[in-house]
Amino acid sequence: MIKSQNPRTHSSDTAEVIVLGAGPAGLVLGNLLLASGVDCLVVERADREQVQTRARAGFLAANTVRILDRHGLADGLHRHGREHAVCEFRTEDGRFRLDYGALGLGERHTVYPQQELVRDLLTRYLDAGGRISFGTEAVAVVGAETLRPTVTVHDTDGRPARWQARYVAGCDGRHGAARRSLPTCAVRRHHRDHGVSWLGLLAEAPPSLDAVGYAVHGRGFAGHMARTPEVTRYYLQCERGEAADAWSEQRIWDELALRMRSSEYGELHRGPIVQRTVVDLESDVLEPLRYGSLLLAGDAASLLSPSAAKGANLAVLEAELLAEALVDDLRRGDGTALDHYSARCLAHIWRAQAFSHWMIRLLHGPSGSDPDSLFHNSLRRSRVESLRVSRSQQDWFAEQYVGV
Ligand code: RFL
């Protein structure tokens, strides 16, 4: 039996929809299903504290805010989030700023740490009587080709159990049970390793500039993104396979200062590094996102490199599309939207992948001085220069950068 946070009167081993994972995708989906009276159960491997303190994304697209607004889930981000609309590029050819909020569709980001959004969504879900089982690992989805799929789990005490639903929503990320349960013959997996790694850092230090900073340097890329007035995310391109703790704090700050050319453009606000993680820049997309009664959303459906800051935004968008489709099917007996769910999401996913791929090529060049490296670096410089001088290129950038 499930030790759920809100047992209420539901039968504890069945639900109309079992949602795997309590990240942005799973919790938006859970809230929307609950609001439509669909009996759902969220299964989450981590405990509540871990779920609501994991620092990851922070830049919410305008459309993400609209979705959360539509469902009354945006109070926290309106209270504590901050609007953001400027990028600054620093390269060997100088620096320039793009006020992307005044370009393209005129949309801005809202900076609001992902863990705060997750906390809001979780609180809302539980307050509304939603059922969630923390500390419960989904092992596999069995019988997805039938109308009664089963999720096998290890419950909070590590005991095996089987829970049944009409649908299972795989929102359990790239390494979750949903992906593992898909027969290889039923899905195509597109995977690309971009051959670049970033050391992702969270510093207890105020932002050093009033813009997202993208620095291209002969020693590699460096990035700066505000999170809160006290916390800033930085990225440093590093060697593939390098351990996150191979860098001392002194070396991190010296390297960031060098690559961001702080002696020319202003010193960085230094502070303790409170989180570090190596991210290999990869793209990964599954097609289709449905196998019978199992549907995928968020990182379980597609993985993007953080270069375009789209992952959490796609997760929210897909969760809304999936909730609408499931409600149509379960409440109105109309499965049309479920049939189109995969194609609708994939249109957004590939657009985000294309932009993220473009960003990777804008921000990284080969390090050698052989003819091929020199050729590719000249192309990269030319791309940055086009962005600096071409208004139509800037409009395109702005639309893609904030859009999902
Ligand atoms: P999540 O957030 O990974 O949540 C999945 C949940 O599933 C649970 N889980 C399981 N539960 C039960 N059984 C299992 N077998 C399970 N396996 C996993 C996990 O514990 C977890 O709670 O996926 P979701 O909901 O799809 O959301 C995706 C986003 O989290 C992700 O795309 C973003 O964080 C990516 N990302 C960014 N996205 C943006 O839109 N803007 C950004 O600025 C941004 N910055 C980032 C990022 C990701 C980063 N990392 C860590 C790769 C910065 C970084 C450093």
Side-chain angles (χ1 to χ4, degrees), residues 18-30 41-61 63-64 84 109-115 117-118 121-122 132-141 151-156 163 168-181 197-202 212 223 225-227 233-236 244 275-282 284 289 296-319 322 345 349 352 355-356 359 401-404:
I18 293 182
V19 178
L20 309 183
L27 289 172
V28 169
L29 179 60
L41 166 66
V42 178
V43 175
E44 169 56 52
R45 183 177 56 189
D47 64 32
R48 182 171 182 176
E49 191 51 26
Q50 286 171 307
V51 165
Q52 56 190 26
T53 53
R54 267 187 314 223
R56 291 171 141 200
F59 274 61
L60 300 180
N63 192 44
T64 305
H84 193 285
H109 283 115
T110 300
V111 183
Y112 189 57
Q114 179 170 323
Q115 67 273 27
L117 177 64
V118 164
L121 293 169
L122 194 51
I132 183 162
S133 186
F134 289 110
T136 302
E137 175 159 21
V139 179
V141 181
V151 179
T152 58
V153 301
H154 284 138
D155 72 10
T156 24
W163 299 341
V168 178
C171 304
D172 51 348
R174 182 189 183 184
H175 301 293
R179 268 189 166 229
R180 279 200 308 272
S181 304
S197 297
W198 285 1
L199 179 60
L201 304 157
L202 214 52
V212 177
M225 287 166 201
R227 283 293 184 260
R233 187 172 276 296
Y234 286 95
Y235 290 109
L236 269 177
Q275 187 209 68
R276 48 173 83 200
T277 170
V278 173
V279 184
D280 294 332
L281 272 52
E282 291 174 85
D284 205 295
L289 305 183
L296 305 183
D299 280 8
S302 77
L303 194 80
L304 289 125
S305 86
S307 60
K310 301 264 185 247
N313 293 293
L314 278 174
V316 171
L317 181 143
E318 290 160 17
L322 183 52
C345 290
I349 287 170
F355 181 65
S356 143
M359 283 290 276
Y401 191 56
V402 197
V404 269

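All values below come from the heavy atoms of this structure, side chains included, with hydrogens, waters and symmetry mates left out. Remember, it's 1-based here, ligands and their atoms both numbered in the order they're listed.
- Considering backbone and side-chain atoms together, Gly311 places an N or O closer than 3.5 Å to an N or O of ligand 1.
- For atom 13 (N) of ligand 1, the protein comes within 4.0 Å by at least one heavy atom.
- Taking only nitrogen or oxygen atoms, main chain and side chain alike, Thr277 does not reach within less than 3.5 Å of ligand 1.
- The single protein non-hydrogen atom nearest to atom 4 (O) of ligand 1 is Gly23 CA, 3.4 Å, given as residue, atom name and distance.
- Near Ala57, meaning under 4.0 Å from one of its heavy atoms, ligand 1 places the atoms 34 (O), 36 (N), 37 (C), 38 (N), 39 (C), 41 (N), 42 (C), 43 (O), 44 (C), 45 (N), 47 (C).
- Taking any N or O of Pro24, backbone or side chain, at least one lies under 3.5 Å from an N or O belonging to ligand 1.
- Nearest protein heavy-atom neighbour of atom 16 (C) of ligand 1: Asp172 CB, 3.8 Å.
- Between Ala300 and ligand 1, a contact under 3.5 Å exists for no N or O pair.
- For the ring-ring contact (aromatic ring centres under 6.0 Å, His included) test, residues two or more places apart in sequence or in another chain that qualify with Tyr235 are Trp198.
- Residue contacts with ligand 1 for Tyr235 involve side-chain atoms from C-beta outward but no N, CA, C or O (heavy atoms, distance under 4.0 Å).
- Close approach of ligand 1 to Gly58 (heavy-atom distance below 4.0 Å) involves ligand atoms 42 (C), 43 (O).
- Between atom 52 (C) of ligand 1 and the options Leu27, Asp47, Val279, the minimum heavy-atom separation is to Val279.
- Heavy-atom distances between Asn313 and ligand 1 reach below 4.0 Å in at least one pair.
- Considering Leu281, Val51, Asp299, Val43 only, the shortest heavy-atom separation from atom 32 (O) of ligand 1 involves Asp299.
- Put simply, the side chain of Cys345 reaches to within 4.5 Å of the side chain of Leu289, judged on heavy atoms.
- By the 4.0 Å heavy-atom criterion, Gly200 is excluded from the residues contacting ligand 1.
- At a heavy-atom cutoff of 4.0 Å, ligand 1 is contacted by no atom of Leu314, backbone or side chain.
- Atom numbering of ligand 1 starts at 1 in the shown order; those under 4.0 Å from a heavy atom of Gly298 are 26 (O).
- The shortest contact between atom 1 (P) of ligand 1 and any protein heavy atom is with Arg56 NH1, 3.5 Å.
- Taking distance alone, with nitrogen or oxygen atoms compared against 3.5 Å, Ala138 approaches ligand 1 more closely than that limit.
- Nearest protein neighbour of atom 29 (C) of ligand 1, counting heavy atoms only, is Gln114 NE2, 3.8 Å.
- With salt bridges taken as basic N to acidic carboxylate O contacts below 4.0 Å, none links Arg179 and Asp299.
- Within the 4.0 Å heavy-atom criterion, the part of Arg54 lying near ligand 1 is the side chain and not the backbone.
- With a 4.0 Å cut-off on non-hydrogen atoms, Arg227 touches ligand 1 through its side chain and not its backbone.
- Checking only distances, Ala309 does come within under 3.5 Å of ligand 1, N or O to N or O.
- Scanning for side-chain contact (heavy atoms from CB on, under 4.5 Å) contacts around Thr53 gives Glu49, Arg119, with sequence neighbours left out.
- Distances between N or O atoms of Glu44 and those of ligand 1 include at least one value under 3.5 Å.
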